[in-house]
J.: 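If you scroll down you'll find the structure; I have some questions about it.
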Amino acid sequence: MNFTEPEERVALRAAVAELGKKYGHEYYSKQARAGLKTEELWAEAGRLGYLGVNLPEEYGGGGAGIADLAAVLEELAAAGCPLLLMVVSPAICGTVISRFGTDEQKKRWLPGIADGSRRMVFAITEPDAGSNSHKITTTAKRDGGDWVLSGRKVYISGVDEADAVLVVGRTEDSKTGKLKPALFIVPTDAPGFEYKQIDMDIVSPEKQFGLFLDDVHLPADALVGEEDAAIAQLFAGLNPERIMGASFSLGIARYALAKGVAYANERKVWGAPIGTHQGLAHPLAEIKIELELAKLMTQKAASLYDSGDDFGAGESANMAKYAAAEVAIRAVDQAVQTHGGNGLASEYGLGTLVTAVRLGRIAPVSREMVLNFVGQHSLGLPRSY
């Protein structure tokens, strides 16, 4: 067991951190407030090979694993630039296609996902299904050798930036008549595909959308992987989603903690830095401890996943996502408290995170569903839902 990251990843972190500093939270926030995207940062990260470090080399990727992609996202978030679409485009969609896609699907999508020139987002959540993916009603029916897809999705990130959406639907089992999950690549310009932005009280360049699929005709090769093995394929994408979600939260927690510590060292009251007082020093120290613990679990989850242990990675990925979300919320809250009134002033770069960081408790899976998972699978308690 080794708790020291490989030299290559340490160097990767340092290089990505430099890129993040070049843009910083001021750039990120300015773009978001103006309703703009972080195109310049995304494009440069793609050119430098950071967006595709987890994808196969033969398709333009770095040939590494989810641990390296998670490190990239964490460092960008720690610099104040958390790129949400990294969670869905290279991590979920890129991973699923690289593991289960046809050669043609890999050639068509992976090079663009790797260099950032193409984006694919992920659609699983539905208005009436919520966390219960067994209640998904988006259905694909055979039309000769092709497919016709109909249904609705909600809270889908970045559809306005995407070339396609990896949609989780269901198909009918010819033997039993029951519905089973299946994954389809749906171009955003396909006839019958529509999306509408959901207004959110979060300052972020990435927007949320509701999707409407009205008899969307798809070719046979829109199906990703085997029709009868979609559960395994789905979780091949959901574990990286949780690992990346944890890294997203870890980076924000690091950013907020660094801001809080710097202010506690600089701000003087009654002739001494406010960090002198345990009322501020101890909460910041607690966050540092919780942050390091969450980071270790995230690294464990990524290591298990990259070693091929999907089941083991599931437990650790859920725990990592839970722990990272909790410490991120605490870190932002304490950083704001340390700054006092300045914590909500735009120039200090914390106020926009107050609502944004709360997302980690809800998505990509709620803290309650993580606790259900741990209770059932880790502790052997009776299933509660």
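Numbering of residues begins at 1 and proceeds along the displayed sequence.
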J.: Carefully, step by step, assess Ser366 and Arg361 under the rule side-chain contact (heavy atoms from CB on, under 4.5 Å).
T.: CA-CA 6 Å; Ser366 71; Arg361 268 196 190 151; over 6 Å; no
J.: For the pair Ser29 (side chain) and Glu26 (backbone), establish whether a donor and an acceptor sit closer than 3.5 Å, ignoring hydrogens and angles.
T.: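 No, because the side chain of Ser29 does not come within donor-acceptor range (under 3.5 Å) of the backbone of Glu26.
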J.: Is any side-chain N of the basic residue among Arg108 and Asp221 closer than 4.0 Å to the acidic one's carboxylate O?
T.: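 No salt bridge links Arg108 with Asp221.
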J.: Does one side chain, of Glu206 or Ser157, offer a donor that lies under 3.5 Å from an acceptor on the other?
T.: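 Per modelled atom types, Glu206 and Ser157 side chains form no pair under 3.5 Å.
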J.: What pairs with Asp146 under salt bridge (charged side-chain N to carboxylate O under 4.0 Å, His left out), at least two apart in sequence or on another chain?
T.: none
J.: With clusters defined by side-chain heavy atoms of hydrophobic residues (ILVMFWY) lying less than 4.5 Å apart, directly or transitively, does Ile136 cluster with Ile92?
T.: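 In one cluster with Ile92: Ile136, yes.
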J.: If two hydrophobic side chains count as joined below 4.5 Å and joins carry through other members, does Val327 share a cluster with Val365?
T.: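 In one cluster: no.
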J.: Can you run down the side-chain hydrogen bond (donor to acceptor under 3.5 Å, both in side chains) pairs that involve residues 316-325, sequence neighbours left out, and say none if there aren't any?
T.: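 Residue pairs with at least one partner in residues 316-325: Arg242-Asn318, Tyr322-Arg367.
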J.: Say whether Leu250 and Tyr28 are linked into one hydrophobic cluster, either directly or through other cluster members, by side-chain heavy-atom distances under 4.5 angstrom.
T.: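 No, it is not one cluster - the side chains of Leu250 and Tyr28 are not joined through contacts under 4.5 Å.
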J.: If the condition is side-chain contact (heavy atoms from CB on, under 4.5 Å), which residues does Ala123 pass it with, not counting sequence neighbours?
T.: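 Here the qualifying residues are Lys153, Ile156, Val165, Val167, Leu211.
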J.: Apply side-chain contact (heavy atoms from CB on, under 4.5 Å) to residues Gln376 and Asn372 and explain how you reach the verdict.
T.: CA-CA 6 Å; Gln376 180 184 348; Asn372 283 336; over 6 Å; no
J.: Test side-chain contact (heavy atoms from CB on, under 4.5 Å) on Ile97 and Lys106; report intermediate values, then the result.
T.: CA-CA 6 Å; Ile97 292 173; Lys106 293 175 184 178; 4.2 Å; yes
J.: Keeping the roles fixed (side chain from Glu315, backbone from Ser378), state whether a donor-acceptor pair exists under 3.5 Å.
T.: no
J.: Are any non-hydrogen side-chain atoms of Leu76 and Tyr50 less than 4.5 angstrom apart?
T.: no
J.: Specify the closest pair of heavy atoms between Ala246 and Thr298, including all atoms of both residues, with the distance to one decimal.
T.: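 Scanning both residues, the minimum pair turns out to be CB-OG1, 3.6 Å.
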J.: How long is the straight-line distance from CD1 of Ile287 back to CZ of Arg254, given to the nearest 0.5 Å?
T.: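 Nearest 0.5 Å value for the CZ-CD1 distance: 15.0 Å.
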J.: At their closest point, which heavy atom of Pro240 faces which heavy atom of Thr95, and how far apart are they?
T.: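 Distance-wise, the nearest heavy atoms are CG-CG2, 4.2 Å.
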J.: Quick check for you: to the nearest 0.5 Å, what is the distance between Asp163 atom CG and Ser89 atom OG?
T.: 8.5 Å
J.: Hey, are Glu104 and Thr102 close enough side-chain-wise for a donor-acceptor pair under 3.5 Å?
T.: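 Not at all, the side chains of Thr102 and Glu104 share no donor-acceptor pair under 3.5 Å.
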J.: To the nearest 0.5 Å, what is the distance between CG (Leu304) and CD1 (Ile66)?
T.: 13.5 Å
J.: Rounded to the nearest 0.5 Å, what separates atom CD1 in Ile202 from atom CG in Leu359?
T.: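 It is 5.0 Å, given to the nearest 0.5 Å.
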J.: Report yes or no: do Val96 and Leu238 belong to one cluster of Ile/Leu/Val/Met/Phe/Trp/Tyr joined by side chain heavy-atom distances under 4.5 Å?
T.: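 Shared cluster, yes.
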J.: Under 4.5 Å between any side-chain heavy atoms of Tyr348 and Val336, yes or no?
T.: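 Counting from C-beta outward, Tyr348 and Val336 never come under 4.5 Å.
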J.: Ignoring hydrogens and angles, tell me if any N or O in the side chain of Gln31 forms a donor-acceptor pair with the backbone of Pro205 under 3.5 Å.
T.: no
J.: Could you measure the distance from the OH atom of Tyr305 to the CG atom of Asn239? Nearest 0.5 Å is fine.
T.: 7.0 Å
J.: If I take atom SG from residue Cys93 and atom CG from residue Leu55, how far apart are they, to the nearest 0.5 angstrom?
T.: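 Output value for this atom pair is 10.5 Å.
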J.: If hydrophobic clusters are built from ILVMFWY residues whose side chains come within less than 4.5 Å, do Tyr155 and Leu166 share one?
T.: no
J.: Please tabulate, one pair per line, all N/O donor-acceptor pairs under 3.5 Å involving side-chain atoms of residues 267-281, not counting sequence neighbours.
T.:
unit_1 : atom_1 : unit_2 : atom_2 : d
Thr276 : OG1    : Pro273 : O      : 2.8

J.: What pairs of donor and acceptor atoms, side-chain ones from residues 350-358 against any protein atom, are under 3.5 angstrom apart with sequence neighbours left out?
T.:
unit_1 : atom_1 : unit_2 : atom_2 : d
Thr352 : OG1    : His25  : NE2    : 3.1
Thr355 : OG1    : Asp201 : O      : 3.1

J.: Going by heavy atoms in the side chains, are Val216 and Val148 under 4.5 Å from each other?
T.: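 The answer is no, as the side chains (C-beta and beyond) never meet within the 4.5 Å cut-off.
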J.: Got a sec, which residues hit side-chain contact (heavy atoms from CB on, under 4.5 Å) with Leu51, two or more places apart in sequence or on another chain?
T.: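 Applying side-chain contact (heavy atoms from CB on, under 4.5 Å) to Leu51 gives Trp42, Ala45, Met86.
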J.: Assess whether side chain to side chain donor-acceptor pair (under 3.5 Å) is satisfied between Asp115 and Ser117, documenting all intermediate values.
T.: CA-CA 6 Å; Asp115 67 19; Ser117 62; 2.6 Å; yes
J.: For residues 362-385, which residue pairs pass the ring pair (Phe, Tyr, Trp, His ring centres under 6.0 Å) check, not counting sequence neighbours?
T.: Phe373-His377
J.: Please list, chain by chain and in numerical order, all residues satisfying salt bridge (charged side-chain N to carboxylate O under 4.0 Å, His left out) with Glu286, sequence neighbours excluded.
T.: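 Counting only residues at least two positions away or on another chain, Glu286 forms a salt bridge (charged side-chain N to carboxylate O under 4.0 Å, His left out) with Arg330.
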J.: Apply salt bridge (charged side-chain N to carboxylate O under 4.0 Å, His left out) to Lys30 and list each qualifying residue two or more places apart in sequence or on a separate chain.
T.: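 Expected list: none.
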J.: Considering only residues two or more places apart or on different chains, which pairs with a residue in residues 180-203 satisfy ring pair (Phe, Tyr, Trp, His ring centres under 6.0 Å)?
T.: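 Checked against ring pair (Phe, Tyr, Trp, His ring centres under 6.0 Å) - neighbours excluded - the pairs reaching residues 180-203 are Trp147-Phe184, Tyr195-Phe209.
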J.: Test side-chain contact (heavy atoms from CB on, under 4.5 Å) on Glu194 and Asp214; report intermediate values, then the result.
T.: CA-CA 8 Å; Glu194 297 181 6; Asp214 184 13; over 6 Å; no
J.: State whether the side chain of Ser150 and the backbone N or O of Asp215 hold a donor-acceptor pair below 3.5 Å, judged by distance alone.
T.: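 A pair under 3.5 Å: yes.
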J.: Please set out all donor-acceptor pairs under 3.5 angstrom arising from side-chain atoms of residues 5-22, sequence neighbours excluded.
T.:
unit_1 : atom_1 : unit_2 : atom_2 : d
Glu5   : OE1    : Arg13  : NE     : 2.7
Glu5   : OE2    : Arg13  : NE     : 3.4
Glu5   : OE2    : Arg13  : NH2    : 3.2
Glu5   : OE2    : Gln299 : NE2    : 3.0
Arg9   : NE     : Asp68  : OD1    : 3.2
Arg13  : NH1    : Glu74  : OE1    : 3.3
Arg13  : NH1    : Glu75  : OE2    : 2.7
Arg13  : NH2    : Glu74  : OE1    : 3.3
Lys22  : NZ     : Glu44  : OE1    : 3.0
Lys22  : NZ     : Glu44  : OE2    : 2.9

J.: Asp160: which residues meet the salt bridge (charged side-chain N to carboxylate O under 4.0 Å, His left out) condition with it, sequence neighbours left out?
T.: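 For Asp160, the residues satisfying salt bridge (charged side-chain N to carboxylate O under 4.0 Å, His left out) (neighbours in sequence not counted) are Lys37.
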J.: State whether the side chain of Tyr255 and the backbone N or O of Gly349 hold a donor-acceptor pair below 3.5 Å, judged by distance alone.
T.: yes
J.: Run the salt-bridge test on Lys180 and Glu226 with the 4.0 Å N-O cut-off and return the result as yes or no.
T.: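 The answer is no: the pair does not qualify as a salt bridge.
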J.: Considering only heavy atoms from C-beta outward, does the side chain of Val53 approach that of Pro90 to under 4.5 Å?
T.: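 No, too far: nothing below the 4.5 Å cut-off.
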